[in-house]
Protein chains: 2
Amino acid sequence: MSNKLGIKELAQHLDISIASVSRALHNPNRVSKDMRERVQAAAKELGYKQNTLASSLRTAKTRNIVAIIPDLSDTFNAGVIRSMEDAAAKRGYSILFGDSQGEREREIRYGELIQGKRADGVIFFSSTPPFPEETLQSDNFTVPPMVNSCEVMIDSGYKIKGQSIPYVTINNIEASKEITEHLIQQGHKRIAVITGDPSTPSVKQRLQGHIEAQQMAGIEHSSSLVFEGDYTIESGQKLAHDILKLKHRPTAIFCMCDESAIGCMHTLKENGVRVPQDIAVAGFDDIRFAQFSTPTLTTIAQPVEEIGRRCSELLIDIIENKSIKEKRVVLPHKLVIRESTRIPN
Amino acid sequence: MSNKLGIKELAQHLDISIASVSRALHNPNRVSKDMRERVQAAAKELGYKQNTLASSLRTAKTRNIVAIIPDLSDTFNAGVIRSMEDAAAKRGYSILFGDSQGEREREIRYGELIQGKRADGVIFFSSTPPFPEETLQSDNFTVPPMVNSCEVMIDSGYKIKGQSIPYVTINNIEASKEITEHLIQQGHKRIAVITGDPSTPSVKQRLQGHIEAQQMAGIEHSSSLVFEGDYTIESGQKLAHDILKLKHRPTAIFCMCDESAIGCMHTLKENGVRVPQDIAVAGFDDIRFAQFSTPTLTTIAQPVEEIGRRCSELLIDIIENKSIKEKRVVLPHKLVIRESTRIPN
DNA sequence: ATATATTCGGTAAACGTTTTCCATGGAATA
DNA sequence: TATTCCATGGAAAACGTTTACCGAATATAT
């Protein structure tokens, strides 16, 4: 028992052709009612499972999407992922998540799922498509369905062979401007900033917004108050130490992600610095721990649920050649003011 | 230009047989040096990409593993994932992560990647294999390579057709006993507990350990101090409120996961209850935020890195029919004592 | 020198599907 | 009754690989 059970065996067992089996299962009204029922019953009873490899090979469709995430354990990404999966499932697609850990090599390995025809499209969260340069250049490279998110060059959009890649993002410049303005409104004139990798679009954009807000308020921006981190708790801690060492301390710190803000606040408190009375702290992302930190964290809420959903929908529309309204989706963010920047009266 | 480019076209272009192309690329010493080099050069130049669908169909190997995670955004799971991916990559496998959101239906959908031959094995974090009951029963069902983790019935282990499923886990009973003992040592006699879904192995085991520790200390365990949560921050908050309403308040709360502990502490503080002076709080998992909460959280550290790694290694050993030393891996945990249970003197 | 082993490349059969094309028979139409 | 049409099911080609098998050529041993 328990031998191979393919469409062939099923057909033999029913004494019909494999064509009929295939039709009864996947093209039911191409076949008589009687046949349909007999086959489906037998399939269920014997536990026939379609070999989707063979099926995909034949049809050139997989109903799989690969999503390449720089860090699955990042609390912000994690939020996006859920709704992405959800939306895809509703349309009959499965999402395969790949954790690239920010490494190009890994991105490319997951990108190969596309080239190897194991997935119909790809969503990527880094600023470059998950294919080697040489591949992108190659004449024989046809641009697969893809959607870029989170790390997006809004202005230009990423282009391959003149084709610009659809994206889903928020307006980082505006968001950053808003939160900086909020700090300025609170009376801060000397604002330090803890960044992530400065070569990434998100950091560039957030920095730009931060600087613009200061200029508009007539505050001179000092690059000596820019501290380069990497979006982790630890870098928040470490750089907070550096900031505390400054002769002329800032009165506020804008961290470009919540995790850094949490690390930062922790170090400040450890050193007896009160937040927000002595130094105010703002974050970015509104991860779910932001409202449970002490003090609760002022931050920019990204519409995580919507980001994920729109990524999936956009990509699937492209895969299925639906007419696409917007290839460039910019979603609204929201400034959330909490205790870490609001001096209690 | 940019037409189909398969092995066939490549062979044509070089005026050799497709067999030679295949060999030159994947079985290099089955072919002369000259041939090898010519083919590889051409492949690179023209940008040939193997259709892995076809390859897998032929060889019945995919070098893919699917890992089904109940919630990718859970901070604890997230830690495991990374090392899992890492270890797999070292052995030449890619891991496809599926987020089941705890839904059976979704688990099964990802399980189908196995049955559809798109993956060679599966790692699952829930207590039941990702296949429908009827499938498991079916005569024609052959048990695929799988490894169970995190939600494991240690005693029996899960069995399919007499075959017991390999697992990787910690000893939840012991861990829970230890942390409860710690609370008892701190002088607590009335300890509330905030659980997760009580039907899961982890909760059952942690509850068992919790009760045993009390019995050993001669404390009577009161089921009225058991509060059923769901491993989220929110349930921690909510149940903390319930606990505060008790006429006879406990002096300590053991939360079966850190996220709940964080929610719990937040509510306590909101209500002017000092942690740990008025009520001590302990968690479980040692997520990375545990040491940044205020107060920092006493908890059980699970060896996340090792859990992930061992899952991958064990599964791949099974896939590749390596001789397997241990089919049941129980890893060491560690009690981490922090401020939330240590009364400052 | 011959006999034997080894290396190398091609032919064609598989892997498990889906789908085009065709043949058949019965129902519908004229 | 003769003709057309449609519903149904089978045969076989195709999807893009890998690999068993063969035969030719070359190297090695006697």
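Throughout, a chain's letter reflects where its sequence line sits, starting with A, and its residues are numbered from 1.
Going from atom CD1 of B:Ile18 over to atom C1' of C:dC15 covers 14 Å, rounded to whole Å. A:Asn27 places its CG atom 9 Å from the C1' atom of C:dT19, with the value rounded to the nearest Å. Atom pair A:Lys8:NZ and D:dG10:C1' shows a separation of 16 Å (rounding to whole Å applied). Taking atom CG on B:Asp15 and atom P on C:dT11, their separation rounds to 10 Å, with Å as the unit.
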A:Asn64 vs B:Arg118, side chain to side chain donor-acceptor pair (under 3.5 Å): CA-CA, chis, key distance, verdict: CA-CA 11 Å; A:Asn64 281 155; B:Arg118 299 187 105 87; 3.3 Å; yes
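Within the nucleic acid shown, A:Ile16 comes within 4.0 Å of sugar-phosphate atoms alone, with no base atom in reach, counting heavy atoms only. Here A:Ser32 lies in heavy-atom contact (under 4.0 Å) with sugar-phosphate atoms only.
In this model, the phosphate group of D:dT18 is approached by a side-chain N or O of B:Ser22 to a distance below 4.0 Å at OP1 or OP2. Residue A:Tyr48 has no polar side-chain atom (N or O) positioned under 4.0 Å from OP1 or OP2 of C:dG16.
Under the 3.5 Å distance criterion, with hydrogens and angles disregarded, no donor-acceptor pair is assigned to the side chains of B:Glu151 and B:Ser126.
Mapping B:Asp34 and A:Ser20 onto DNA chain C by nearest heavy atom places B:Asp34 closer to the 5' end of the strand. Between B:Ala19 and B:Leu57, the residue anchored closer to the 5' end of DNA chain C is B:Ala19, taking for each the nucleotide with the nearest heavy atom. Nearest-nucleotide assignment on DNA chain D puts the 5′-proximal partner with A:Met35, out of A:Met35 and B:Lys49.
Distances were taken from every side-chain heavy atom of B:Lys4 (C-beta onward) to each of D:dG16, C:dT17, C:dT19; the shortest belongs to D:dG16.
Environment of NE2 in B:His13: sparse, with no more than 12 heavy atoms of neighbouring residues, nucleotides or ligands closer than 6.0 Å.
With hydrogens and angles left out, the side chain of A:Arg58 and the base of C:dG16 share no donor-acceptor pair within 3.5 Å.
In this structure, B:Phe131 has its ring center closer than 6.0 angstrom to the ring center of B:Phe141.
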